[in-house]
Amino acid sequence: MKNEAMKRTGGRRKSSQSDYPLKGKKTVEIIGEEFGDSAKQVQRYLKLTDLIPELLEKLDNGELSFNPAVELSYLTIEEQKEFIDAMEYTQAVPSISQAQRIKKLSREKKLTGTKMREIMGEIKKGEITRMMFNNEQLYRYFQKSYTPAEMKEEILSICHRHMS
């Protein structure tokens, strides 16, 4: 937002001696310096504004990591919608590698929902024993007052009783 505001106002105050260090710098460089990030990182934050609201929500609630989200922001709106379907179908979150391959297929105009499901359905290192449920699936069986931690504890308790 700050980047957009600086572009609209010409970026900087009237030139003065104290502004000399800013001369010739790009807006993303100035913002990066102000917030302790590189210009490249500021550009990556800005790229997230190309995500559809549903993917932004997944990023905000931790279902989607930052780096894969940046890669997915290059997809068309329609591809992003299909990607959400692929995520739900496979019950998986994308690794950076998967997101990069999906982005590459999109750029080559070869991306389909089927290819996304194939990529998202791959077993990833370290996730062989992971299972994922979204809140909508779980709240069919739990009261809205339950926290995710309480739901997990209850599910594990049910499994333990079943095994006994």
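As the structure is a prediction and not an experimental result, all values here were calculated from the model.
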Participant: Backbone N or O of E79 within a donor-acceptor pair of the E82 side chain at under 3.5 Å?
Facilitator: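 No, E82 side chain to E79 backbone: no donor-acceptor pair under 3.5 Å.
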Participant: Is there a side-chain contact between L55 and I84, using heavy atoms and a 4.5 Å cut-off?
Facilitator: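 Sidechains of I84 and L55: in contact.
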Participant: Tell me, yes or no, whether the heavy-atom count around E154 atom CD, taken from other residues, nucleotides or ligands under 6.0 Å, exceeds 12.
Facilitator: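 Correct, the count exceeds 12.
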Participant: Heavy atoms only: give me the nearest P68-S95 pair and the separation to one decimal.
Facilitator: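 The pair with the smallest heavy-atom distance is CG-C, 3.9 Å.
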Participant: I'd like to check M151 versus Y139 (side-chain heavy atoms, cut-off strictly below 4.5 Å). Are they in contact?
Facilitator: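 Result yes, sub-4.5 Å side-chain heavy-atom pair found.
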Participant: Return yes if some donor-acceptor pair links the side-chain N/O of T90 with the main-chain N/O of A86 below 3.5 Å, else return no.
Facilitator: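 It does hold such a pair.
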Participant: Within a radius of less than 6.0 Å around CD of E63, do more than 12 heavy atoms belonging to other residues, nucleotides or ligands occur?
Facilitator: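 For E63, atom CD is crowded (more than 12 foreign heavy atoms under 6.0 Å).
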Participant: Hey, could you give me the CZ/CD distance between F83 and E54, rounded to the nearest 0.5 Å?
Facilitator: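 One gets 13.0 Å once the value is rounded to the nearest 0.5 Å.
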Participant: Calculate, to the nearest 0.5 Å, the distance between atoms CD and CG belonging to E78 and L111 respectively.
Facilitator: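 Here the rounded value is 11.0 Å.
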Participant: Sequence neighbours left out, what passes side chain to side chain contact (heavy atoms under 4.5 Å, CB included) with K104? Give chain and number order.
Facilitator: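 K104 satisfies side chain to side chain contact (heavy atoms under 4.5 Å, CB included) with E108 only.
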Participant: Please check: side-chain N/O of Q98 versus main-chain N/O of I119, any donor-acceptor pairing under 3.5 Å?
Facilitator: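 Checked: pair present.
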Participant: Looking at T147 and E150, what are the two nearest heavy atoms and their distance?
Facilitator: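 Looking at all heavy atoms of both residues, the shortest contact is N-OE1, 2.8 Å.
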Participant: Do side-chain atoms of Q91 reach the backbone of E88 as a donor and acceptor pair under 3.5 angstrom?
Facilitator: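 At least one qualifying donor-acceptor pair exists.
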Participant: To the nearest 0.5 Å, what is the distance between CG (L46) and OG (S73)?
Facilitator: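 Rounded to the nearest 0.5 Å, the CG-OG separation comes out at 10.5 Å.
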Participant: Does Q80 use its side chain to pair, donor to acceptor, with the backbone of I52 at less than 3.5 Å?
Facilitator: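 Yes, Q80 side chain to I52 backbone: donor-acceptor pair under 3.5 Å.
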Participant: Check the pair L64 / V93 against side-chain contact (heavy atoms from CB on, under 4.5 Å), numbers first and verdict last.
Facilitator: CA-CA 6 Å; L64 182 61; V93 295; 5.8 Å; no
Participant: As an exercise, state the distance from CD1 of I155 to CG of L138, rounded to the nearest 0.5 Å.
Facilitator: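 Output value for this atom pair is 5.0 Å.
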Participant: What residues, two or more places apart in sequence or in another chain, satisfy ring-ring contact (aromatic ring centres under 6.0 Å, His included) together with F66?
Facilitator: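 F66: ring-ring contact (aromatic ring centres under 6.0 Å, His included) contacts with Y45.
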Participant: Would you mind reporting whether P94 and L72 have side-chain heavy atoms less than 4.5 Å apart?
Facilitator: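 Counting from C-beta outward, L72 and P94 do come under 4.5 Å.
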Participant: The criterion is ring-ring contact (aromatic ring centres under 6.0 Å, His included); which residues satisfy it with F142, sequence neighbours excluded?
Facilitator: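 In terms of ring-ring contact (aromatic ring centres under 6.0 Å, His included), with neighbours along the sequence ignored, F142 is linked to Y146.
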Participant: D50: what forms a salt bridge (charged side-chain N to carboxylate O under 4.0 Å, His left out) with it, not counting sequence neighbours?
Facilitator: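 With neighbours one apart ignored, the set is K47.
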Participant: Under the rule for side chain to side chain contact (heavy atoms under 4.5 Å, CB included), what residues qualify as partners of K115, not counting sequence neighbours?
Facilitator: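 Once residues adjacent in sequence are excluded, the partners of K115 under the side chain to side chain contact (heavy atoms under 4.5 Å, CB included) criterion are L105, T112.
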Participant: Ignoring hydrogens, what is the shortest heavy-atom contact between A69 and L51? Give both atom names and the distance.
Facilitator: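 Closest heavy-atom pair between A69 and L51: O-CD2, 3.7 Å.
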Participant: Testing E118, E122, E71 for salt bridge (charged side-chain N to carboxylate O under 4.0 Å, His left out) with R101, which one passes?
Facilitator: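 Going through the options one by one, the only one that passes is E122.
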Participant: About how many Å separate CE of M87 and CG of D85, when rounded to the nearest 0.5 Å?
Facilitator: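 Reported to 0.5 Å precision, the distance equals 11.0 Å.
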Participant: State which residues pass ring-ring contact (aromatic ring centres under 6.0 Å, His included) with Y89; sequence neighbours excluded, sorted by chain then number.
Facilitator: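 Per chain and number, Y89 pairs via ring-ring contact (aromatic ring centres under 6.0 Å, His included) with no residue.
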Participant: More than 12 heavy atoms of other residues, nucleotides or ligands under 6.0 Å from CD1 of I77: is that the case?
Facilitator: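 12 or below, so no.
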Participant: Mind checking the CG-CZ spacing from L156 to R161? Nearest 0.5 Å is all I need.
Facilitator: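 L156 CG to R161 CZ: 11.0 Å, rounded to 0.5 Å.
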Participant: Do you know the tightest heavy-atom contact between S106 and L75?
Facilitator: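 In this case the closest contact between S106 and L75 is CB-CD2, 3.4 Å.
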